[in-house]
Amino acid sequence: MIRNIRYILPAERLALRLLIDKEADRFEDDKSSYSNRSIFWLKGQPHLSSQNLRWHESPEQAKPATELEAMLDTLMGFKATYLIARGNTGIKPHRDSTYAADSTTTLHLGKPFEFLYASQRQGSIDTIAHPKDGAIFDSNSKHLHGSNRDDSDGYGIFGWTLSPRFLAATA
């Protein structure tokens, strides 16, 4: 299920963009198969393979971005880790790996885009939403989801709580 939480105010969008700009040197080319997309993680980076229940970069090793993290925690609800993606490339339909708990929160900054979603855990894509600038919404990360984007100046910010299985393995 996709559940819209709210739209953030224009002043909040501007403040958030300014905080991201302060961290712009952290963006790296996405090492996966997505060209024209750059990313950086906050509060640690889990290993994205379902076979590796470990941190790629642990929270203790992660470079802090105190103001940005605090704003995201306020806007999106406290999350264990965040991914900030920039660029005009969406992402192929997928289910999040074992690091993630079921619920993920997305904050979209930029032009409206297509968010693709399967309403059932083992279903195929059957829902297309069109979040606008400043949208914050929840979805089930274990359902098939993806996006089509065309906004080189846009940001997708994704926040996760960690799955109990991941937490147990990394304790």
Applying side-chain contact (heavy atoms from CB on, under 4.5 Å), name anything that partners [X], two or more places apart in sequence or on another chain.
| X | value |
| --- | --- |
| E114 | L116, I128, H130, N148 |
| R95 | Q122, L144 |
| S49 | H47, Q51, N52 |

Indicate yes or no: does E57 engage K63 in a salt bridge with an N to O separation below 4.0 Å.
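Here E57 does not pair with K63 in a salt bridge, since their nearest N and O are not under 4.0 Å apart.
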Treating [X] as the side-chain partner and [Y] as the backbone partner, does any N or O pair qualify as donor plus acceptor under 3.5 Å?
| X | Y | result |
| --- | --- | --- |
| T104 | G159 | yes |
| Q61 | S58 | yes |
| S141 | D102 | yes |
| R13 | I8 | yes |

With sequence neighbours left out, write down each residue that passes salt bridge (charged side-chain N to carboxylate O under 4.0 Å, His left out) with [X], or none if nothing qualifies.
| X | answer |
| --- | --- |
| E12 | R6 |
| D126 | none |
| K43 | D73 |
| K111 | none |

Joint cluster assignment, [X] & [Y], ILVMFWY side-chain distance < 4.5 Å:
| X | Y | result |
| --- | --- | --- |
| F27 | L109 | yes |
| L19 | I136 | yes |
| L167 | L53 | yes |
| L48 | L162 | yes |

Side chains of [X] and [Y] in contact at under 4.5 Å (non-hydrogen atoms):
| X | Y | answer |
| --- | --- | --- |
| L72 | L42 | yes |
| T161 | T81 | no |
| I157 | L83 | no |
| L68 | L16 | yes |
| L107 | L75 | yes |
| F40 | E28 | no |
| I5 | M76 | no |

Linking Ile, Leu, Val, Met, Phe, Trp and Tyr by side-chain heavy atoms under 4.5 Å, what else ends up with L9?
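Members other than L9 - counting any ILVMFWY side chain reachable under 4.5 Å - there are none.
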How close do [X] and [Y] get, counting heavy atoms only, and between which atoms?
| X | Y | value |
| --- | --- | --- |
| P64 | R26 | O-NH1, 3.6 Å |
| G44 | A62 | N-CB, 3.4 Å |
| A135 | P131 | CB-CB, 3.9 Å |
| G110 | D133 | N-OD1, 2.8 Å |

I'd like to know if the side chain of S38 pairs up with that of R86 as donor and acceptor (distance under 3.5 Å, no hydrogens or angles considered).
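The criterion, which ignores hydrogens and geometry beyond distance, is satisfied for R86 and S38.
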Regarding T105 and K79, do their side chains bring together a donor and an acceptor under 3.5 Å, going by distance alone?
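Yes, side-chain donor-acceptor contact under 3.5 Å.
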Output all residues satisfying side-chain hydrogen bond (donor to acceptor under 3.5 Å, both in side chains) with K142, sequence neighbours left out; order by chain, then residue number.
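Expected list: none.
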Which ring-ring contact (aromatic ring centres under 6.0 Å, His included) pairs, counting each pair once, include a residue from residues 48-76, with sequence neighbours left out?
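As it turns out, the ring-ring contact (aromatic ring centres under 6.0 Å, His included) pairs with a partner in residues 48-76, which skip direct neighbours, are W55-F166.
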I need the full list of ring-ring contact (aromatic ring centres under 6.0 Å, His included) pairs touching residues 139-163, with sequence neighbours left out, sorted by first then second residue.
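Residue pairs with at least one partner in residues 139-163: W41-W160, H94-H145, Y99-W160, Y117-H143.
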Got a sec: does the CZ of R17 have more than 12 other heavy atoms crowding it under 6.0 Å?
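Counting other residues, nucleotides and ligands, CZ of R17 exceeds 12 neighbours.
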Begin with the C-alpha distance, continue with both residues' side-chain angles, and end with the deciding distance and a verdict on side chain to side chain contact (heavy atoms under 4.5 Å, CB included) for I39 and I84.
CA-CA 5 Å; I39 62 171; I84 299 178; over 6 Å; no
Going by the rule ring-ring contact (aromatic ring centres under 6.0 Å, His included), which residues pair with F137 if we only count those two or more places apart in sequence or in a different chain?
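Partners of F137 under the ring-ring contact (aromatic ring centres under 6.0 Å, His included) test: F115.
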